[in-house]
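Since the structure comes first, as structure tokens, the remarks are kept for the end.
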Amino acid sequence: MSQPQLDKIYDPKQVEERWSRRWIELRLFHASVSDRRPSYCIVIPPPNVTGSLHVGHALNNTLQDILIRRRRMQGYNTLWMPGMDHAGIATQNVVERQLQAEGTSREVLGREEFLNRVQQWKEHSGGVIIAQLKRLGASCDWERQRFTMDPGLSEAVKLVFVRLYEDGLLYRGERLINWCPRCLTALSDIEVEHEDSTGKLYTIRYPLADDPSQYLLVATTRPETMLGDTAVAVHPEDDRYRHLIGSRVQVLLTRRTVPIVADPILVDREFGTGAVKVTPAHDFNDFEAGERHGLPRIKIMDIHANLQLTDALAEPEVIEAVNGLPAAKARPKIEQLLAERGFLEKAEPHKMALGKCYRCKTVVEPFLSDQWFVNIKPLAQPAVHAVEDGRVRILPESWKNNYLGWMRDIKDWCVSRQIWWGHQIPAWYCEGCYGSDFLRRASDGQPLVPSDAVPIVAQTKPAACSTCSSNRLVQDPDVLDTWFSSALWPFSTLGWPQQTPELKVFYPTSTLVTGLDILFFWVARMIMMGLKFMGDVPFRDVYIHALVRDAEGQKMSKSKGNVIDPLQVMDQYGTDALRFTLAAMASPGRDVKLAEERIEGYRNFANKIWNAARFILMHLDGKREARPAHDRSVADRWILSRLNATIRAVNQEVDQYRFDRAAGILYHFIWHEYCDWYLELAKLPLQDPSTADAARARQTLLETFEHLMRLLHPFMPFVTEEIWQTLPHEGNSIVIQSYPAEQPEWHSEDAEDAYSLLQRAVSLMRTGRSLLDYAPGKSIGLHVMGAQEQDRSRLDSLAPAIGHLARGPVSVTPTITTPSADSGLLSLAAEGITVGVAVEGDVDLVKALDRIKKQKDEAGKEMNRLSAKLANAGFVEKAPQEVIDEHRARLQLLTRDHGILDRSEQQLQDILRSRTA
RNA sequence: AGGCGGAUAGCUCAGUUGGGAGAGCGCUGCCCUUACAAGGCAGAAGUCGCAGGUUCGAUCCCUGUUCCGCCUACCA
């Protein structure tokens, strides 16, 4: 035995720093396009360059790394494509806040200078993120980093835009869109978060134009928008109002009258009064109704969502009261005016959903505006089919319906944003045709380009206007939705639109690993774009993992004090511990609430492994054993059989993305089978290192452990690499060693049976020793009763091992005597064998009896179990008589030992009776 | 409003052809046994949200219900 070559406690810090650097130096993560092996590719969900990574990223990237590392070890040509997202609005907001703190603004800087600032921030933030990913052990091909605004990817964006336009799948038009009055930009439907809030439902009297003494009751939650009313709608079959259809009502506080129209789609007769005001410029439903009835659209708000009324729109008194106010502040004023004039019938509390900007939480306003839209239905159709027919698998499958439901009901996608950070829209307008005025309006956020302007859509700036030949062409100042470029990620990162070898080798990619929160934002759009531009799905499997709620999100909140910073965790417990925790908690269908105690537990696990390695190295002492293929001991055959089962199970679980189960299996096997049992057993032959038995034990210890390091490596890359390097090995890194595969010849039912018997016997003896406070080292007898002859002889041959593990000399004695506490024998039963533990010396019998009583309860449960099994056998396939007899015999044996016959015998009779009935 | 998910030990969570209720942490007792005290052995602890139903038998399947969470949504 030699001095330990490793420290007593595993110190992750320096190990992790060293290996994350070394792996990259060795270029182990680099994928080659000339590699002929089957390929396996994952594109990273590109983190936003808005700051640093949170625990959700750690989870996401750990899972990807597990998949990638295993495939790499299995011999695939693996590519994990790393990169980042420019995250338009989010990043712009971050930098704008910085500017605000400096007392300046983007308007002051101007567009060009501002973009420089954002670029600087991107360099900084991007660097932080890459460092964090490396720290996490992410085995990305770092030589291939991509950014959504790289020149190549920007080319892809422009080309896609032009092609979609040419194919009639992209158009510009004045529509009602979601407008964030703080970000001053349009948002797509899914960029609006809905939040419940309590408002009021107002019932307002609208006087009839023909007879102002009569009025129509109209219900609304937003009375301030009545200043933009252009109709009141009722249901065509509503007898209350049928006679009014076609006549007009006075719009209060204005000088207008509007028609009463019949609209069965807009109006629900049951709700409110059955009459609805129609404000096409400020409500999505009203907009559509307005289109159906050819109603004018009256805009009453500016871009800040403040009321902006002209004399033509409202009475002077009203204008004075509300002009320039945001809607929420104007509402009570309007309410007051209506009440004063006796037109407010009632106002009652009412629950409604409030739309908020997903980036800044400001209440969004439906806003009439010129924007670019993707005509999405023709793209969605094939993307629905691809999931329906399984070309793309969404896992867990429960999310599939979520996806399909959303896709089938999808609405056109507003892709233009009135911000500066992003891909500027490749469309030009001719100043010769439209004057040079319209762009200047852009700075105050007003609609940027005339609605009727005809854009020239092209990848590069055209030389001249085709209509007037002017060369004064200006580019559309808007940029694209950040998700537009993300949608191209699986092929733009591989070099599209160039026909690169990367595309050929790695597209379609294999698996996408992502959180549910971006299923619609990102996954759905990648599938649509992949099918459209590559003619094939972007990935085969989509694995959707649970969410870890971060400080900004809902679940983890700073006020609750449960926010966990991955960097801090990695510092404190080590990266492997964090990774293993995340993998173990990645059960489908449940959000991950990260418990720090759990991380600590897996830190201890890493240390356990470390110390097992120390033990092996200590005994190895430079010795190399020839492989004893033919004379494995029973213990060796047992642990190899268990190892084989573990290898099979881990592979199966990872194949099904059950990282949690795979982690659990590894943990249990390494700690509670390999360390607790096999390693302890091996100490027996190792007592004399010179023997053949010792050599044999060393060999199997090492062989099993080396397999385990490889099996565990994708989960805990650092500690396994560090240990593997100290074991006898060939090659320069565990990263590219083969991943363990099932070895059927290791399977041994016989050895497993024998050792399960051994484990039970040892446990019982330990229990007896503990219950009686019977000191270790004292001789202990094992009396075997009621066991099969085979079991007895097995126990006999295993006696030295049992004695070793039970801590005391042991004698195995077949006995037919009935043991009892009185005779100084403690009898314990479980799983069909009964052992009596003979103790020497004085025993506190009162204490012993008290404890034995508890054991009887266990025996009672055992009988219930047997009864259940018997009943099952009887009902399933008609239990043979000998099975019944065997169970009866066991019952009687247990009963005789513990004197609780009546209940169980009665049960048995009941079962037999019901079986024959 | 609709859809989905969750409710299991003090805490965080596993648990599918329906039959034995589990892990980690915490807790109790014993042990510094030369890999590991971040350890070993033994143990206590749960009417599996509630109420019905199907079944010989339900944490599991069905119906209803309560609470929590998420997604989608135009109910003025």
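Scope of the values below: all heavy atoms of this structure, side chains included, with no hydrogens, waters or symmetry mates.
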(message) On RNA chain B, compare the nucleotides closest to A:Thr221 and A:Val192; which residue's is nearer the 5' end?
(response) A:Val192
(message) Looking only at the side chain of A:Arg603 (C-beta and beyond, no hydrogens), which of the listed nucleotides B:G15, B:G24, B:A38 gets closest?
(response) B:A38
(request) Under 4.0 Å between any heavy atoms, over every strand shown, what does A:His350 touch: base, sugar-phosphate, or nothing? Just pick one. (result) sugar-phosphate
(request) Please check if the distance between the ring centroids of A:Phe715 and A:Phe605 is under 6.0 Å. (result) no
(message) Closest approach to the side chain of A:Lys8, judged atom by atom: which nucleotide of B:C36, B:C75, B:A35 is it?
(response) B:C36
(message) Work out how far the P atom of B:C11 is from that of B:G46, and round it to whole angstrom.
(response) 13 Å
(message) Taking only the P atom of each, what is the distance from B:G69 to B:U8 in whole angstrom?
(response) 15 Å
(message) Taking Watson-Crick (N1-N3 plus N6-O4 or O6-N4) and G-U wobble (N1-O2, O6-N3), each under 3.5 Å, can you produce the dot-bracket string of RNA chain B? Use [ ] for crossing pairs and | for inter-strand ones.
(response) (((((((..((((.....[..)))).(((((.......))))).....(((((..]....))))))))))))....
(message) Taking any heavy-atom pair under 4.0 Å as a contact, classify A:Gly199: base, sugar-phosphate, or nothing.
(response) nothing
(message) Within the 4.0 Å heavy-atom criterion, would you say A:Arg222 contacts the bases, only the backbone, or no part of the nucleic acid?
(response) nothing
(request) Would you mind telling me which of B:A76, B:A14, B:A38 lies closest to the side-chain atoms of A:Asp660? (result) B:A14
(request) Consider the side chain of A:Tyr667, meaning its heavy atoms from C-beta on, and name the nucleotide among B:G24, B:U12, B:U16 that approaches it most closely. (result) B:G24
(message) Taking any heavy-atom pair under 4.0 Å as a contact, classify A:Phe605: base, sugar-phosphate, or nothing.
(response) nothing
(request) Just call it for A:Ala353: base, sugar-phosphate, or nothing, with non-hydrogen atoms closer than 4.0 Å on any strand. (result) base
(request) Quick one: do A:Tyr602 and A:Tyr667 satisfy ring pair (Phe, Tyr, Trp, His ring centres under 6.0 Å)? Show the steps, please. (result) CA-CA 9 Å; A:Tyr602 292 125; A:Tyr667 180 90; 5.4 Å; yes
(message) Just to be sure I understand the rule, does A:Ile609 reach a base, reach only the sugar-phosphate, or reach nothing, if contact means heavy atoms closer than 4.0 Å?
(response) nothing
(request) Determine the interatomic distance between P on B:G24 and the same-named atom on B:G40; round to the nearest Å. (result) 10 Å
(request) Take atom C1' in B:G10 and the same atom in B:U66, then report the distance between them in whole Å. (result) 24 Å
(message) I want to verify a distance call: between B:A76, B:G39, B:A14, whose nearest atom is closest to the A:Trp671 side chain?
(response) B:G39
(message) I'd like the C1' distance from B:A38 over to B:G3, given in whole Å.
(response) 46 Å
(message) Need one value for A:Leu519: base, sugar-phosphate or nothing, where a base atom within 4.0 Å counts as base even if backbone is also close, heavy atoms only.
(response) nothing
(message) By the 4.0 Å heavy-atom rule, please label A:Asp676 as base, sugar-phosphate, or nothing.
(response) sugar-phosphate
(request) Answer with base, sugar-phosphate or nothing: what part of the nucleic acid does A:Leu679 contact at a heavy-atom distance below 4.0 Å? (result) base
(request) Using the P atom as the reference point in each nucleotide, state the distance between B:U17 and B:U59 in Å, no decimals. (result) 14 Å
(message) Give me the distance, rounded to whole Å, that separates B:C62 from B:C67 when you measure between the P atoms they each carry.
(response) 22 Å
(message) Can you check the distance between B:C56 and B:C30, where both ends of the measurement are the C1' atom (answer in whole Å)?
(response) 45 Å
(request) With heavy atoms under 4.0 Å as the rule, sort A:Phe284 into base, sugar-phosphate or nothing. (result) nothing
(message) Checking contacts here: which listed nucleotide (B:A35, B:A76, B:A38) is nearest the side-chain heavy atoms of A:Met618?
(response) B:A35
(request) Just jot down the side-chain contact (heavy atoms from CB on, under 4.5 Å) partners of A:Glu288, sequence neighbours excluded, or say none. (result) A:Arg292
(request) For the side chain of A:His194, starting at C-beta, report the closest nucleotide among B:G24, B:U12, B:A73. (result) B:A73
(request) Have a look at A:Phe520 and say if it touches a base, only the backbone sugar-phosphate, or nothing, with a 4.0 Å heavy-atom cut-off. (result) sugar-phosphate
(request) Would you indicate what A:Glu680 reaches in the nucleic acid, counting non-hydrogen atoms under 4.0 angstrom: base, sugar-phosphate, or nothing? (result) base
(request) Tell me what A:Arg269 touches on the nucleic acid: a base, only sugar-phosphate, or nothing, going by heavy atoms under 4.0 Å. (result) nothing
(message) As a test of reading the structure: which of B:A35, B:G15, B:C75 is closest to the side chain of A:Arg658, going by heavy atoms?
(response) B:G15
(request) Report the nucleotide, chosen from B:G40, B:A14, B:A38, that has the shortest atom-to-atom distance to any side-chain atom of A:Lys608. (result) B:G40
